[in-house]
Amino acid sequence: MSEHEDGDCREVLTEVYLYLDLECSDDRRALIKHHLDECSPCLREFGIEQEVKALVNRCCGQEQAPAELKDRLRAKLSELVVEVDATRELG
């Protein structure tokens, strides 16, 4: 179960796009990053994975990511999905 209050999640998620676009202060970025690191339901619930993918696509254009990087990202996203599913089953 997340240690964060619902209000904390709502507050962070209202700013997540600023975070992804590097449009907030360093202090605020650190707070948002800490929340997202600790609150995997926020990652899954609001589809941040898709936003990160879109951001990478915008930034990298036609460049191809190395296969090793793609594999590591897929593995990490799978871990997050498993954590969220386990949390929901317990809750």
Side-chain angles (χ1 to χ4, degrees):
M1 186 67 93
S2 173
E3 295 178 22
H4 300 281
E5 299 291 326
D6 287 340
D8 291 341
C9 292
R10 278 192 286 275
E11 181 181 337
V12 165
L13 291 166
T14 60
E15 297 183 51
V16 77
Y17 296 105
L18 296 173
Y19 172 82
L20 289 171
D21 290 335
L22 305 173
E23 295 180 355
C24 55
S25 71
D26 290 341
D27 290 342
R28 194 66 194 153
R29 284 188 57 73
L31 289 172
I32 293 169
K33 181 181 184 321
H34 175 64
H35 179 91
L36 294 175
D37 287 345
E38 299 295 320
C39 188
S40 55
C42 283
L43 291 175
R44 172 110 194 255
E45 185 71 26
F46 293 90
I48 292 174
E49 304 97 328
Q50 287 87 10
E51 294 302 322
V52 170
K53 183 178 177 182
L55 178 64
V56 169
N57 189 39
R58 281 196 316 263
C59 293
C60 297
Q62 298 300 320
E63 295 178 29
Q64 292 291 320
E68 181 181 328
L69 174 61
K70 290 179 185 179
D71 292 341
R72 287 194 326 244
L73 288 172
R74 283 187 191 105
K76 186 63 175 172
L77 289 173
S78 294
E79 288 174 20
L80 293 173
V81 170
V82 169
E83 287 177 20
V84 170
D85 289 343
T87 300
R88 286 187 179 171
E89 288 175 11
L90 293 174

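Basis for what follows: all heavy atoms, side chains included, without hydrogens, waters or symmetry-related copies.
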Set out, in order, the CA-CA distance, both residues' side-chain angles and the distance that settles salt bridge (charged side-chain N to carboxylate O under 4.0 Å, His left out) for Glu68 and Arg74, then state yes or no. CA-CA 10 Å; Glu68 181 181 328; Arg74 283 187 191 105; over 6 Å; no
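Rounding to the nearest 0.5 angstrom, the gap separating the CZ atom in Arg29 from the CG atom in Leu22 is 4.5 Å. Taken from CD1 in Ile32 to SG in Cys39, the straight-line distance is 13.0 Å, to the nearest 0.5 Å. With rounding to the nearest 0.5 Å, the separation of SG in Cys42 from NE2 in His35 is 3.5 Å. Separation of atoms SG (Cys9) and CG (Leu36) is listed at 9.0 Å; rounding is to 0.5 Å.
The number of heavy-atom neighbours closer than 6.0 Å to NZ of Lys70, taken from other residues, nucleotides and ligands shown, is above 12.
Put simply, the side chain of Tyr19 does not reach to within 4.5 Å of the side chain of Val12, judged on heavy atoms.
Residues satisfying the salt bridge (charged side-chain N to carboxylate O under 4.0 Å, His left out) criterion with Asp26, sequence neighbours excluded, are absent altogether.
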